[in-house]
Amino acid sequence: MVCGGFTCSKNALCSLNVVYMLVGLLLIGVAAWGKGFGLVSSIHIIGGVIAVGVFLLLIAIVGLVGAIHHHQVMLFFYMVILFIVFLFQFGISCSCLAMNRAQQETLLSSTWKIMINKTKEDLETQLNCCGMLNNAASQAQFNQDVINCPAPCKTTKCTPCGDLMLHHATEALKILGGVGLFFSFTEILGVWLAVRYRNQKDPRANPSAFL
């Protein structure tokens, strides 16, 4: 059977959802590994990564079961949810690619302010730095962070964590944006495959019945 037929669409959709399942399991595994080795102790960060992995895993299972059984309702919800995810991911990826240094500094400062002290201390210890950005706008916060900083470099002279992050931020954002953009197009491919497959007739079914 030529590609584009019922069997080809089914196999392509199943393969795509198997990849999504593997990515979801990878996210869960990485989060558990990071927690187990003490890389990040914040339950909010760990919980967020695991939540994304579980969500992707569940969506992939719905798509896989719907594809195997040619289930109309499951395929419908699968393609609607996947399209919504595509819109969010596409927008965020474009934002990452378009973000300049001033916007990066604002984002880092805002994120630092809402972090709990335990997360800040973990970050400072891992990066061997103290505080976020040493500028006029956040001088008081920076001085307080330096006092509470547990990093080994405190005995000599510490570099602000924000400077270390911004040094690689542009490259990291390009990578994240590029990878996110790539996966967003695989999601729109999944939507297209689901729509196409949902409206195809199963050759093994009753010839007089459609959908």
Inset, instruction - Determine, step by step, whether Val62 and Leu58 satisfy the side chain to side chain contact (heavy atoms under 4.5 Å, CB included) criterion, reporting the C-alpha distance in whole Å, the side-chain angles of both residues, the deciding distance to 0.1 Å, and the verdict. - result: CA-CA 6 Å; Val62 170; Leu58 291 175; 5.6 Å; no
Nearest atoms (heavy-atom pairs only) where [X] meets [Y]:
X      : Y      : value
Gln89  : Gly180 : NE2-O, 2.9 Å
Leu13  : Ala67  : CD2-CB, 3.8 Å
Thr125 : Pro150 : OG1-CG, 3.5 Å
Cys14  : Ile68  : SG-CG1, 4.0 Å
Leu75  : Gly63  : CD2-O, 4.5 Å
Gln200 : Ser9   : OE1-OG, 3.2 Å

Does the side chain of [Y] come within less than 4.5 Å of [X]'s, by heavy atoms?
X     : Y     : result
His70 : Gln72 : yes
Leu26 : Leu22 : no
Val65 : Tyr78 : no

For the hydrophobic clusters of this structure (ILVMFWY residues joined by side-chain heavy atoms under 4.5 Å, transitively), does one cluster hold both [X] and [Y]?
X      : Y      : result
Leu123 : Val146 : no
Ile84  : Val73  : yes
Trp112 : Phe142 : no
Leu56  : Ile92  : no
Ile59  : Phe90  : yes

State the [atom1]-[atom2] distance between [X] and [Y], to the nearest 0.5 angstrom.
X      : Y      : atom1 : atom2 : result
Ile188 : Leu82  : CD1   : CG    : 7.5 Å
Glu121 : Gln126 : CD    : CD    : 12.5 Å
Asn143 : Asn148 : CG    : CG    : 11.0 Å
Lys120 : Asn117 : NZ    : CG    : 5.5 Å
Cys8   : Tyr197 : SG    : OH    : 11.5 Å
Met132 : Lys113 : CE    : NZ    : 11.5 Å

Inset, instruction - Decide side chain to side chain contact (heavy atoms under 4.5 Å, CB included) for Leu133 and Asp163; before the verdict, give the C-alpha distance in whole Å, the side-chain angles of both, and the deciding distance to 0.1 Å. - result: CA-CA 7 Å; Leu133 293 171; Asp163 292 345; 4.2 Å; yes
Inset, instruction - For side chain to side chain contact (heavy atoms under 4.5 Å, CB included), just list the numbers for Asp145 and Cys130, CA-CA rounded to whole Å, side-chain angles, deciding distance to a tenth of an Å, and then say yes or no. - result: CA-CA 7 Å; Asp145 290 333; Cys130 285; over 6 Å; no
Inset, instruction - Using only the SG atoms, establish whether Cys158 and Cys129 come within less than 2.5 Å of one another. - result: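 A disulfide is absent here, as the SG pair of Cys158 and Cys129 is separated by 2.5 Å or more.
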Legend entry - Residue pairs fulfilling side-chain hydrogen bond (donor to acceptor under 3.5 Å, both in side chains) with at least one residue in residues 172-188, sequence neighbours excluded: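 Pairs touching residues 172-188 that pass the test: Tyr20-Thr186.
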Legend entry - Stepwise side chain to side chain contact (heavy atoms under 4.5 Å, CB included) test for Leu193 and Leu189: CA-CA 6 Å; Leu193 283 172; Leu189 173 63; 4.2 Å; yes
